[in-house]
Amino acid sequence: MSDIIIIGIESSCDETSVAVVKNGREILSNVISSQVDLHIEYGGVVPEIASRRHVELIIPVIDQALKDADIKAEQIDGVAATYGPGLAGALLVGLSSAKALAFSIDKPLIGVHHIEGHISANYIEHKWLEPPFTCLVVSGGHSHIVNVLDYGKFKIIGRTRDDAAGEAFDKISRALGLGYPGGPAIDKISKLGNNNAYNFPKVKFEQGSLDFSFSGPKTAVLNQINLFQQKATEIPVADIAASFQKSIVDILVDNTIKAALESKNKVVALAGGVACNSHLRERIAKECEKNDLKAIYPSPVLCTDNAAMIACVGFYKYISGKFSELNLNSQPGLSLENIE
Ligand code: KG4
Ligand code: ZN
């Protein structure tokens, strides 16, 4: 089989990213332009600002990705773009650009589910990996335990009933005055704190449920911060951050290990921005070892939003002929279990 070159385009949130990937797993270029600096003063992503910035960046980022990969547009076999879930306006910028590119070079458009992208980052990092495996997907907008049955085939077996894990990290970071994005800030300061200083609650649901809830621990932390503020005493930021991080990681790891054992999968993967978390990586590795499972995760640059993971999915859809029409619309609430 001759090489298949897919260009991937990602613009679902605040990263404008374009990548060129060969045969699904070999990155030729992966340009990521983050807008974090633009959103910092608002303490989170402002959708309208994100869309406008994507418009400014998308063409230069496409040009840069082609240049870095040292290929011409005509050498591309397919154009993959995230079409959901995400911010409607932001998604439209990448998707419309992908349609224009696909039309101009007369190559297929391939709509990609953002979360399928996050999961697939593991294929790029671990060339031996094949389905089935169990994946904990934890990002700013999603927290799911997914059984990956085959390429493009997923069964969600656990999910958050309220906030996403990343969202909880971002909110607590703001309350502790650590800024945005919160995950990396909490991860860093936690290394200086005692993670047993506070025992924040871990919500358990009915027997057999693998769901999570992060609003309980989040409220407990906010109450604890209020208590210090009322007494006008200094807030032990590192201890609170470390104890909060532990409460979130404990529940994520416990449920993911249970899920893998129940489904008899031998490999447990992490995916999404929160998969950068050093405590989560350590804990999942340790618990997997105890249970004779193999823990894997992508390097940090492939955990947070990037287009290489989108191009990887694009490749697997390309080889099974799953192309999209040029009238494909963005779907902000797209579910993982109904992807075409
Ligand atoms: O996957 P991602 O880049 O975007 C979404 O699809 O949402 O994830 C972003 C999320 C943010 O909430 C950020 O705070 C979190 O990932 N994050 C982390 C870490 N690095 C990024 N959370 C915990 N620890 C980290 N080291
Ligand atoms: Zn993401």
Side-chain angles (χ1 to χ4, degrees), residues 8-17 19 30 32-36 39-40 43-45 47 50 54 81-87 90-91 94 112-122 135-144 146 160 163-176 178-191 193 195 212 214 217-218 241-242 244-253 269-284 297-310 312-313 332-334 336:
I9 300 183
E10 158 62 38
S11 69
S12 66
C13 191
D14 62 344
E15 261 95 26
T16 318
S17 181
N30 188 21
I32 304 167
S33 178
S34 171
Q35 304 179 2
V36 164
H39 301 278
I40 273 179
V45 178
H54 284 309
T82 307
Y83 74 109
L87 302 170
L91 285 165
V112 172
H113 191 292
H114 181 75
I115 301 301
E116 183 173 11
H118 275 303
I119 295 169
S120 303
N122 282 288
C135 187
L136 172 68
V137 190
V138 267
S139 71
H142 304 270
S143 300
H144 293 319
V146 178
T160 179
D163 292 355
E167 203 179 343
F169 271 98
D170 292 338
K171 284 182 184 161
I172 293 305
S173 174
R174 205 175 311 150
L176 287 171
L178 297 172
Y180 169 84
I186 292 204
D187 193 350
K188 189 166 168 215
I189 201 159
S190 292
K191 293 191 174 30
N195 65 13
F212 324 108
F214 302 118
K218 191 187 74 190
F244 163 73
Q245 177 175 272
K246 179 174 186 294
S247 71
I248 301 286
V249 166
D250 279 352
I251 192 88
L252 289 174
V253 171
L270 301 181
V274 182
C276 294
N277 186 268
S278 54
H279 187 56
L280 174 59
R281 286 170 175 246
E282 271 165 35
R283 279 289 319 280
I284 200 84
Y297 32 78
S299 50
V301 70
L302 293 175
C303 285
T304 46
D305 288 348
N306 68 88
M309 66 188 196
I310 303 303
C312 173
V313 178
L334 187 64
L336 189 62

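Nothing here was measured: the structure is a model prediction, and the numbers come from that model. Read the numbers this way: they start at 1 and go in the same order the structure lists the ligands and their atoms.
No side-chain donor-acceptor contact under 3.5 Å links His54 to the backbone of Gly94. In terms of modelled atom types and a separation under 3.5 Å, the side chain of Ser11 and the main chain of Thr16 share no donor-acceptor contact. The closest donor-acceptor contact from the side chain of Asn122 to the backbone of Leu270 lies under 3.5 Å. Between the side chain of Ser190 and the backbone N or O of Ile186, at least one donor-acceptor pair lies under 3.5 Å.
The aromatic rings of His144 and His142 lie tilted to each other, with the angle between the two planes from 30° to 60°.
Lys191 is linked by a salt bridge (charged side-chain N to carboxylate O under 4.0 Å, His left out) to Asp187, counting only residues two or more places apart in sequence or in another chain. The salt bridge (charged side-chain N to carboxylate O under 4.0 Å, His left out) search around Lys218 returns Asp163, not counting sequence neighbours.
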Please report the C-alpha distance between Ile310 and Ile9 in whole Å, then the side-chain angles of each, then the deciding distance to 0.1 Å, and finally whether the side-chain contact (heavy atoms from CB on, under 4.5 Å) criterion is met. CA-CA 7 Å; Ile310 303 303; Ile9 300 183; over 6 Å; no

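Closer than 4.0 angstrom to ligand 1 sit non-hydrogen atoms from His114, His118, Ser139, Gly140, Gly141, Gly166, Asp170, Gly182, Gly183, Pro184, Asp187, Gly272, Gly273, Val274, Cys276, Asn277, Cys303, Thr304, Asp305.
Closest approach of Ser139 and Gly272 over heavy atoms only: CB-CA, 4.3 Å.
Take a cut-off of 2.8 Å around the Zn ion (ligand 2): the protein N, O or S atoms inside it are His114 NE2, His118 NE2, Asp305 OD1.
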